[in-house]
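These notes concern the structure reproduced below.
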Amino acid sequence: MWRRIQAIVGKEFIQLRRDRRTLAMMVMLPVLWLVAFGYAVNFDVETIRVVVVDEAKHSDSASFINQIKEEEDFKVTEKARMSEAKRTLEQGKRDVIIHFPKDYKQFPQNKRERIQIQVDGSRLFQAQSALRKLNGVLADVQQDSMQKMQRELQTTLMKSVSFGMGMDSPQWREMMKSLLPEKVAQLQKGLEKANKEQMESTMKRMEKALPKMDQIQPDVDVLYNPDLKSVSFMIPGLVGLVLIFITTLMTAMGVVREKERGTLEQLIVSPVSSFELLVGKLIPYCIIAVFDFLLVFAVGVWFFDVPFRGDLLPFLSVSCLFLLASLGIGLLISTVSQNQQQAMQLAILTLVPQFILSGFVFPLEAMPWGIRWLSYLMPLTYFIPISRGSFLKGVSPLTDEWGILALAIAAVLFLVLATIRFRRSLG
Amino acid sequence: MLNVKGVSYAYRGKKALDQVSFTLGEKKITALIGPDGAGKTTLLKVMAGLLRPSSGEVNGKDGMSLGYVSQFFGLYGEMSVQENLHFYGRLNGLTFRESTQRIEELLHWTGLESVIHREAGALSGGMKQKLSIAAAVLHRPDLLLLDEPTNGVDPVSRREMWRLLQSVAEGGTQIFAATQYLDEAAYCGRVILLHQGRILVEESPQQLLRDFPFRLLVIREAGHERVKWMDRIRKELTTGEVFSKGRDLYILHREGMSIQGRIKAILPSDKGLSLEEVEPGYEEVFTQRFQDADGGESR
């Protein structure tokens with residue numbers, strides 16, 4: 001049995017060596033994707049191009065504008081009129097308009113006194129980044145103005161200490177006249193002192209009651225991927241994507257190519273069993289897929305600095321389960337297809353939805369249930385959370401029993417279906 | 001050795017094989033002869049186990065080994081001659097040493113030694129066929145099935161190929177070959193004529209020749225006017241056939257000797273045309289059989 005399997009494995013490798021294009025595809029695909037997903041696919045837009053229209057033209061708006069200008073991520077230009085600013089947005093030269101209306105106030109009372117911000121939503125990721133960054137800046141500015149307001153409140157209160165006690169009322173003056181001047185002075189001093197003490201305690205209470213502006217923000221810690229780097233999000237998913245692409249495409253081609261060229265007949269006539277043939281065909285693809293997997297893994301960890309915090313061995317075993325499931329899918333495609341073209345189309349038909357629906361890029365939670373159930377039919381959907389958990393969180397994959405169970409079921413189901421189909425197609 | 005019993009095969013409602021029964025036994029080489037669409041390939045595939053018959057069965061002796069050469073080149077074009085042979089050797093359970101030794105033998109035998117490292121896909125048609133046969137007999141199978149092995153091969157190579165097959169048969173392998181070339185029956189101990197999925201005749205070719213009731217006359221270099229005479233000659237025949245092959249005109253008949261005089265009367269005397277009697281060949285024999293089966297319409 002091993003002799004026959006060996007013969008098939010050897011033959012596959014000879015064919016692969018001669019078929020430079022396929023070989024190149026299988027080595028280049030992961031490299032290409034690494035470059036694409038490591039560098040190009042980045043949802044964080046670093047620089048937001050802002051156009052400012054200042055119609056208020058007073059110190060408040062000016063200081064606000066200065067504050068924006070100081071932000072590294074904003075590239076600010078100014079325009080005199082809204083119409084001009086709008087045009088830059090239309091032409092795609094700017095992403096955001098910040099408009100200070102004529103009646104702008106630092107502490108607005110109504111709509112006309114508020115800042116107006118317009119964001120170009122046609123550029124989705126710029127818009128999202130812009131909103132995020134603007135919110136940060138606005139929060140800073142707000143904090144500053146609140147602090148300023150507090151300080152102003154305090155000084156105004158202190159100034160008014162001598163007033164408000166009714167010491168300049170006519171009755172008070174009448175009463176003072178009837179007293180000795182030195183007594184008056186004494187009384188006044190005493191009163192002022194008492195007044196001041198009371199005031200100070202009020203101030204203290206007020207200070208306690210008013211929020212400390214530098215403490216008002218909650219402590220936010222982003223765990224596992226503190227810088228929210230896209231590449232750290234992508235590489236753990238990419239490991240799975242490469243596995244499923246390579247194995248599905250290659251195995252899909254593998255059997256149908258023999259069918260199309262008539263070589264399958266020779267194999268069937270020979271004493272080789274369908275099991276031996278399957279194993280012999282799958283081993284080379286497994287080896288290549290594992291190679292690609294390790295390549296992406298290594299480049300991700302050492303080149304892109306994506307942390308791998310989990311245990312390697314359990315992760316690799318779960319990956320093997322996932323690998324078997326993908327091999328099964330490829331094999332199934334190969335056995336139901338009549339020719340390579342059909343197999344290719346079917347492979348693409350199963351791979352593209354996995355790319356979109358598996359949570360590799362877009363979160364499952366954002367999908368309506370009408371579509372999301374499809375996601376749960378795909379092995380990649382179960383592998384990606386396990387992979388991200390292992391890479392970023394350092395969670396053992398073995399804690400995700402349901403994910404592992406789903407992968408195991410997929411592996412067994414697809415391989416068994418493929419074997420049955422394969423046997424039947426052999427006649 | 002192999003028993004085909006009541007085999008029928010239907011594909012999409014159309015019967016490709018209809019109650020085919022025969023046994024492969026003592027005769028070493030059997031030819032399966034039939035026109036296109038007779039079901040030859042289907043029968044071979046059923047015998048090779050590539051198709052499951054709709055009814056009936058194929059029984060071989062226990063542990064019987066099989067070699068199969070399909071109609072189209074079924075080896076790996078991107079692999080060299082040697083790599084292909086090694087692969088099939090190993091696949092059929094030969095050890096590396098056995099396989100190496102056998103390959104050397106076969107390459108010498110087929111004359112493919114000079115192209116041992118050439119990619120199989122780059123070989124000529126005849127060489128490809130020889131390689132296919134070599135790959136199919138590497139493991140000295142009990143039965144070798146060939147589907148039109150000489151299709152598209154030049155006449156010299158065809159003869160060579162049949163000599164190879166005869167030597168394979170001498171080595172103890174049963175050979176069952178489908179062919180369109182009727183004259184190839186001469187190499188075989190037995191022929192099976194297949195027509196519309198049914199066996200017409202199963203006989204030794206020599207016996208078929210002996211049983212042939214017709215005689216054959218030929219007018220050499222009949223020229224372009226022969227078309228005019230064909231109808232008039234045909235009217236003189238109660239049964240039989242008038243047909244042209246190349247520039248010659250052939251008359252297949254069961255008449256008495258007087259027919260020669262009657263034909264000569266039709267031919268113009270000034271052209272120096274002669275009428276001669278020739279021995280009917282396999283072509284005439286089989287063609288006649290198939291036409292009879294078709295209901296006797298003329299070609």
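Within every chain, numbering begins at 1; the chains are lettered A, B, ... in the order of the sequence lines, protein sequences first and strands thereafter.
For a residue to count as touching a neighbouring chain, one of its non-hydrogen atoms must lie under 4.5 Å from one of that chain's; by this rule B:Gln71 does not touch chain A. For B:Thr95, the parts sitting under 4.5 Å from any heavy atom of chain A are the backbone and the side chain alike. Contacts between B:Glu83 and chain A at a heavy-atom distance below 4.5 Å involve the side chain alone, from C-beta outward. For B:Phe73, the part lying near chain A is the backbone, with the side chain staying farther off; criterion is any non-hydrogen pair under 4.5 Å. At a 4.5 Å heavy-atom cutoff, B:Phe72 makes no contact with chain A through either its backbone or its side chain. At a 4.5 Å heavy-atom cutoff, the contact between A:Glu258 and chain B is made by side-chain atoms alone.
Listed by chain and residue number, A:Val269, B:Leu50, B:Leu66, B:Tyr68, B:Leu145 satisfy the side chain to side chain contact (heavy atoms under 4.5 Å, CB included) test with B:Ala48 (two or more places apart in sequence, or in another chain). Scanning for side chain to side chain donor-acceptor pair (under 3.5 Å) contacts around B:Thr173 gives an empty result, with sequence neighbours left out. Remark: B:Ser167 pairs with B:Trp109 by the side chain to side chain donor-acceptor pair (under 3.5 Å) rule, at least two apart or across chains.
Taking the six-membered ring wherever Trp is involved, the centroid distance between the rings of B:His86 and B:Phe96 falls below 6.0 Å. In this structure, A:Phe322 has its ring center no closer than 6.0 Å to that of A:Phe315. Between A:Phe37 and A:Phe360, the distance separating the two ring centers is shorter than 6.0 angstrom.
For the pairing with B:Pro149, the side chain to side chain contact (heavy atoms under 4.5 Å, CB included) check across B:Val153, B:Leu146, B:Asn151, B:Asp147 returns one residue only, B:Leu146. Looking at A:Val306, A:Asp292, A:Leu312 one by one, the single match for side chain to side chain contact (heavy atoms under 4.5 Å, CB included) with A:Phe297 turns out to be A:Leu312.
At a heavy-atom cut-off of under 4.5 Å, chain B is reached by A:Arg4, A:Gln6, A:Ala7, A:Ile8, A:Lys11, A:Ile14, A:Gln15, A:Arg17, A:Arg18 from residues 4-22 of chain A, listed in order of number.
The CD atom of B:Gln174 lies 10.5 Å from the CG atom of B:Leu144; values are rounded to the nearest 0.5 Å.
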